[in-house]
Amino acid sequence: MAGSVGRAGLWIASGTLTSRVLGLVRAMVLAYAIGSIGFGANAFANAGKVPNTVYTLIATGALTAVLVPQITKAALAADGGARYINKLITLALVGSGAIMVIAGVFTPPLISWLGSSWSADQVELATVFAFWLLPQILFYSLYTVLGEVLNARSLFGPYAWSPVLNNVLNIAGLIGFVVIFGADPDGVAGAGRWDLLGIALVAGSATLGVASQALILFAFWRRAGLTFRIDFGFRGIGLGTMGKVAGWTFLTVLLTQAVGLFNTRVMNLAGSGEAGLAAAELAGLIFVLPHSIITISLVTARFTRMSENVHAENFAAFTSDITSSARLVGFSMMFFTAAMLVLAFPLIRLIQPGATYGVVSTVSVVLIANLIGLLPFSLLFVLNRGFFALSDTRTPFFIAVGQSALTILAAIFCTTLPSEMITATLTGVISSLFVLQMLATFLLLRRRVGILGGRGILGGIAQNLVAAVVAALAGWGVLALLGGIEPEALAMRSFLGAFIACAIVTVAMAVVYGLILLVMRNREAISILARLRGMLPGSR
């Protein structure tokens, strides 16, 4: 079992890594085409809030929390859950299609509210973008249901790898835009740059990519032993049970998304040359990269096993999975936090090689503010999956209420700050609040299941922190020897220079981090070293 979970995690991680690398390439091309600050960049970022918010409510909020446990139960039926799955997919298509139409009605007033401080031209452009992006609601929902069905049947690869196709198609559209309309890495172009073709290439290619990402999963249906047929007989699908479980999760995500929309409105107070929503999303893309590759891959592979252990009432195995996952997440995320804090400026230069030093500096500060929350954000993900496996989504909701209230207060305070400080300050506060949310989630989960290995988790994090501080000092020293982060330094001059500097500093920090942990007898470091030795020729 451990070997199969490990292989599944590796397969998921490799697909996620490829997808995320291409996602970074997409972000680079997008930032080169329309910038990370300014008129077009912020209009497009706000337009994406409409489908992304609805998708998060449907998929991340309601579906992910219940699909794997419910499909696991349905698999015990005589047909292996085939009828249940057909009903579920049909329901997803009908429901998300209806929601897409309703969202279209509310899109214009929502964009106007989000961009209340904008010009009429920018509001109009964001609204047009949003209508091009709305079909993503349908396809993202379909992708989530199909992917979770395949995951529940231990076919993890397609769900992890299909976003690669999405990114390839989107990148192609953005390259076409640059060829026809030229580049605007500093985001200085205004409304006159945008016509129907330009909007179609940027937004249309994004929606085409999401559609392909979802529909390609049907190609793996027979391998999973399934045949899809439309089935409107929703009676017996367990909507009542799913509703009880998903209802609280839906309310949790509804709350956080509503707060997110309010935060977006506050960030939109930034001026044309200042960090706004587009800068925050670019920084967030870098922030979430290690979380997506490591944390999500690790927990996705273990979530089905967690659910099975709960159904079997094997809570010792369940808590063991939570504890070991949390320690592995602490080991990896602490290093990436330290490395990306040291390399924040070179990383943004890497993503935006054509932007001015001023633009790079502006976005880098937002990235640094994000990184405060990387470790607690990932640990929170692990702990919440523990609650989901227990079919308890009520507790995370009430934890989110407190976190959201504090976030709203912070956002209101940020409206009193100079506009150039708003986005970075609000991002930093939100990142800090993840610590409180994570601690509350841990304490309540321990209260629910008993011993959760808190001392082991805390001990591991303490070791990771010591090693990360030493590694960060070493990394900063190496970066200083390369010229630091001055405009003409190696790390800031060009894409190649930033790449070389990031590679050298990362390797140096990894060596120091690993050595310090080995000296402290950290069990994750010892385990990884043993595996590396086992891969050497003649080790067996």
Look at the rings of Tyr140 and Tyr143 and say which category their plane angle falls in: under 30° parallel, 30 to 60° tilted, over 60° perpendicular. perpendicular
Return yes when atom OH of Tyr32 has more than 12 non-hydrogen atoms of other residues, nucleotides or ligands closer than 6.0 Å, and no otherwise. no
Which atom pair, heavy atoms only, marks the closest approach of Phe129 to Ala47? CB-CB, 3.3 Å
Can you find a heavy atom in the side chain of Ile412 that is under 4.5 Å from one in the side chain of Ile408? yes
Kindly indicate whether the side chain of Phe44, heavy atoms from C-beta on, has any atom under 4.5 Å from the side chain of Leu133. yes
Taking the six-membered ring for Trp and the full ring for Phe, Tyr or His, determine whether the centres of Trp113 and Phe106 are under 6.0 Å apart. no
Pairwise side-chain contact, Asn464 with Phe335, heavy-atom cut-off 4.5 Å (strictly under): no
Pairs involving residues 358-368, ordered by first then second residue, that meet side-chain hydrogen bond (donor to acceptor under 3.5 Å, both in side chains) (sequence neighbours left out): none
Would you say the side-chain atoms of Asn370 and Thr427 include a donor-acceptor pair closer than 3.5 Å? no
Within the 4.5 Å heavy-atom criterion, are Phe131 and Pro108 side-chain neighbours or not? yes
Minimal heavy-atom distance between Gly40 and Leu125, with the atoms involved, is CA-CD2, 4.4 Å
Is the shortest side-chain heavy-atom distance between Leu371 and Ser431 below 4.5 Å? no
Is there side-chain contact between Phe377 and Met333, with heavy atoms separated by less than 4.5 Å? no
Are any non-hydrogen side-chain atoms of Glu281 and Lys49 less than 4.5 angstrom apart? yes
Do the ring planes of Tyr357 and Phe345 sit parallel (below 30°), tilted (30 to 60°) or perpendicular (above 60°)? tilted
If a pair satisfies side-chain hydrogen bond (donor to acceptor under 3.5 Å, both in side chains) and one of its residues is in residues 263-277, list it, with sequence neighbours excluded. Asn46-Asn268, Ser116-Arg265, Glu274-Ser419
Does anything in residues 484-510 form a side-chain hydrogen bond (donor to acceptor under 3.5 Å, both in side chains)? List the pairs, not counting sequence neighbours. none
Any side-chain heavy atom of Gln213 sitting closer than 4.5 Å to one from Leu169? no
